[in-house]
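Following: one structure in structure tokens, then a few remarks.
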Amino acid sequence: MTDQTTQRVRFGVWLPTTRATLAGLTLPGWAVLLGGLILMVMMFTRGWFGAGFVAFLVAVGFNLMFVLRFGGDTTGRTLASMIASRASGKSRTRRGEASFRSGLFSTMPADHLTTLPGILANTQEISGTDGFGRPFTLLHNPRIKTLTAVLSCNPDGTDMQTQPTIDISVVNYGGWISSLSHDPALAGATMVVESALRDKGPLVERIISDLDPDAPEIARRHSLEAGEQLPARYSEVSTWATLTWSVPALGMSVEDAVAEVAAKLPYQVEALRAAGGGAVSVATSKVLAEAVRVAYNPERSAEFASDALRGQSSGLHVTEAGPDYFDDSAKRICQHDGVASMTALVLAPPKLQITEDTMAPLFSPADRFLRKRVAIFYRPVSPDKAVQLVQRLDARASTAASAKARETAADRALKGKAKKLETEVVEGAAVTRFGMAVTVTFEPDNRAYKDAELKLKSLLNSSALSYRFCDYDAGPSFHTTLPLGVLPWLHETTVEAAMKGIV
């Protein structure tokens with residue numbers, strides 16, 4: 001009788017989508033550099049030495065500013081991008097746009113005293129019921145013409161499931177991601193996992209304060225003993241899925257688009273439930289408002305939990321759940337409601353083989369943070385563009401390998417993945433672009449900041465992720481990771497989109 005060990009299932013074919021480089025320069029970069037050299041030689045033959053040197057220096061300067069990436073191929077940025085980001089941050093600070101204050105001391109109009117700040121200021125809510133009579137709230141952004149539905153999930157942890165169950169859930173989740181590419185109106189989706197380690201002290205104090213003085217002694221004693229039996233720290237985890245549709249692609253009017261989204265919601269709920277989402281429901285305005293308020297002020301979590309136990313409701317609407325104050329004028333840090341946050345951006349999947357627990361430490365509650373929020377962005381690619389994309393990826397992998405003096409094992413693996421992906425796409429597989437942002441919240445002092453930064457770097461490095469910190473756009477990055485369906489690529493300027501096409 002032989003002992004057989006079950007082989008771990010690995011998922012996904014990950015390929016970089018950045019432009020292929022040779023010695024750090026892209027094809028447009030080499031074209032400009034060679035053009036500068038040729039122009040310099042032509043001018044030298046005519047005796048125009050000064051003009052020739054200027055032409056060559058212009059070509060070199062173009063590559064230094066707009067082509068060469070500093071900080072890595074996946075997460076690095078060009079000098080032009082870094083300068084533009086810093087200038088934009090300084091400009092927002094000078095105009096007063098980096099600071100936000102609500103309530104009685106706000107300069108906002110009377111009907112917007114508790115509105116959301118920054119890129120969320122234009123958000124409107126539309127409530128209704130789906131075909132099964134279940135309530136929902138859609139978030140409408142009239143500026144970029146999108147509708148967002150937020151689904152609340154309650155998945156069971158992998159420690160509570162068998163390996164075959166986990167594998168089936170992952171396959172179903174992959175099927176859900178694949179289905180995103182078959183909805184032409186869908187602009188993108190995000191999965192947000194927010195976690196915190198909470199001390200039981202405030203919860204026990206709230207239990208004691210809520211006891212009725214006239215309650216029987218045995219009931220009071222049992223309540224106190226139950227509070228004492230709680231673990232010293234407990235995990236608080238919330239999981240959200242957001243789906244954002246383009247209004248013009250759905251219908252002639254917002255009302256038509258809302259009706260289309262309402263018809264799609266039951267399918268999305270069932271698909272996520274089959275993918276291990278547990279009890280999945282479409283979030284209402286009240287649920288989203290409390291989630292946003294907790295993100296701004298983590299201490300609100302215990303308050304909302306206690307109110308729920310007593311059957312009370314905050315009565316907040318999500319568009320009225322703005323912070324008391326918000327300031328992101330400092331580099332990398334944004335301060336809000338007595339705490340501080342920073343965000344790290346991940347633009348490439350892990351370099352390791354992917355299993356269901358490759359990034360488990362990153363998503364699990366961790367100390368050194370008051371709260372941690374991980375947002376995964378999915379940008380679906382339509383089937384007709386997917387074939388073109390994988391063909392370009394295959395060509396880049398082959399070019400990058402052949403340009404080297406010796407082909408490495410990593411080059412051969414990348415070429416094999418590109419061939420496999422092209423075959424799968426031709427057979428009907430979908431392609432989805434990947435991105436991720438991690439926001440951590442901590443006490444607003446230097447020691448807590450250093451501890452949080454060190455811990456966050458440790459979590460990202462242990463998952464073999466390449467990352468960079470959001471230095472001059474900490475505020476927008478913070479709001480991007482909220483479960484409100486903010487898709488970064490929908491907020492790109494024309495210049496940013498054009499530069500991505502060039503370099």
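Since we're looking at a predicted model, the values are computed, not measured.
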Please find the pair of heavy atoms, one from [X] and one from [Y], that lie closest to each other, and give the distance.
X	Y	answer
F442	L370	C-CD1, 3.7 Å
S195	P365	OG-CA, 3.6 Å
L490	T146	CD1-CG2, 3.9 Å
K455	A366	CE-CB, 4.0 Å

I'd like to check [X] versus [Y] (side-chain heavy atoms, cut-off strictly below 4.5 Å). Are they in contact?
X	Y	result
V374	M359	no
I126	V254	yes
L243	V261	no
V269	V282	yes
R368	S458	no
S281	R134	no
L186	K264	no
P323	F100	yes

Rounded to the nearest 0.5 Å, what separation is found between the [atom1] atom of [X] and the [atom2] atom of [Y]?
X	Y	atom1	atom2	answer
H491	H479	NE2	NE2	11.5 Å
L456	Y467	CG	OH	7.0 Å
E290	R300	CD	CZ	10.5 Å
E453	I333	CD	CD1	7.5 Å
Y378	M436	OH	CE	9.5 Å
M191	W240	CE	CH2	11.5 Å

Taking the side chain from [X] and the backbone from [Y], do they hold a donor-acceptor pair closer than 3.5 Å?
X	Y	value
K90	Y472	no
K331	R86	no
S179	W176	yes
S178	G174	no
S301	P298	no

With distance as the sole criterion, is a donor-acceptor pair present between the side chains of [X] and [Y] under 3.5 Å?
X	Y	answer
T319	E125	yes
T162	T165	yes
T343	S477	no
T284	T137	no

Item checked: Contacts of F478 that satisfy ring pair (Phe, Tyr, Trp, His ring centres under 6.0 Å) - sequence neighbours left out ->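 Per chain and number, F478 pairs via ring pair (Phe, Tyr, Trp, His ring centres under 6.0 Å) with Y296, F326, H336.
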Next item on the list: Would you check, one step at a time, whether the test side-chain contact (heavy atoms from CB on, under 4.5 Å) holds for R373 with L482?
Entry: CA-CA 8 Å; R373 195 165 56 252; L482 290 175; 3.7 Å; yes
Next item on the list: Would you sort out whether S235 and L197 count as a side-chain contact (heavy atoms from CB on, under 4.5 Å), showing the intermediate values?
Entry: CA-CA 5 Å; S235 299; L197 285 174; 3.7 Å; yes
Next item on the list: Kindly write out the residues that satisfy side chain to side chain contact (heavy atoms under 4.5 Å, CB included) with A249, not counting sequence neighbours, or none if the list is empty.
Entry: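 Counting only residues at least two positions away or on another chain, A249 forms a side chain to side chain contact (heavy atoms under 4.5 Å, CB included) with A185, S246.
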Next item on the list: Give the C-alpha distance, both sets of side-chain angles, the deciding distance and a yes or no for side-chain contact (heavy atoms from CB on, under 4.5 Å) between L139 and T242.
Entry: CA-CA 10 Å; L139 305 178; T242 74; over 6 Å; no
Note to self: Checking W489 against R433 for the side-chain contact (heavy atoms from CB on, under 4.5 Å) test, could you report, in this order, the C-alpha distance in whole Å, the side-chain angles of both residues, the deciding distance, and whether it holds?
What the structure shows: CA-CA 11 Å; W489 54 89; R433 294 182 183 270; over 6 Å; no
Next item on the list: Answer yes or no: are there more than 12 heavy-atom neighbours, outside D367 itself, under 6.0 Å from its atom CG?
Entry: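 Yes, because the 6.0 Å sphere around CG of D367 holds more than 12 heavy atoms from other groups.
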Check: Would D337 and R293 satisfy salt bridge (Lys or Arg N to Asp or Glu O under 4.0 Å), going step by step from the backbone distance to the final call?
Finding: CA-CA 10 Å; D337 291 3; R293 288 298 294 151; 3.5 Å; yes
Next item on the list: Would you mind telling me which of T123, T244, T190 makes a side chain to side chain donor-acceptor pair (under 3.5 Å) with T148?
Entry: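 The single option meeting the side chain to side chain donor-acceptor pair (under 3.5 Å) with T148 is T244.
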Item checked: side chain to side chain donor-acceptor pair (under 3.5 Å) partner of S99, chosen from D327, D328, T93 ->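 Only match with S99 under side chain to side chain donor-acceptor pair (under 3.5 Å): D327.
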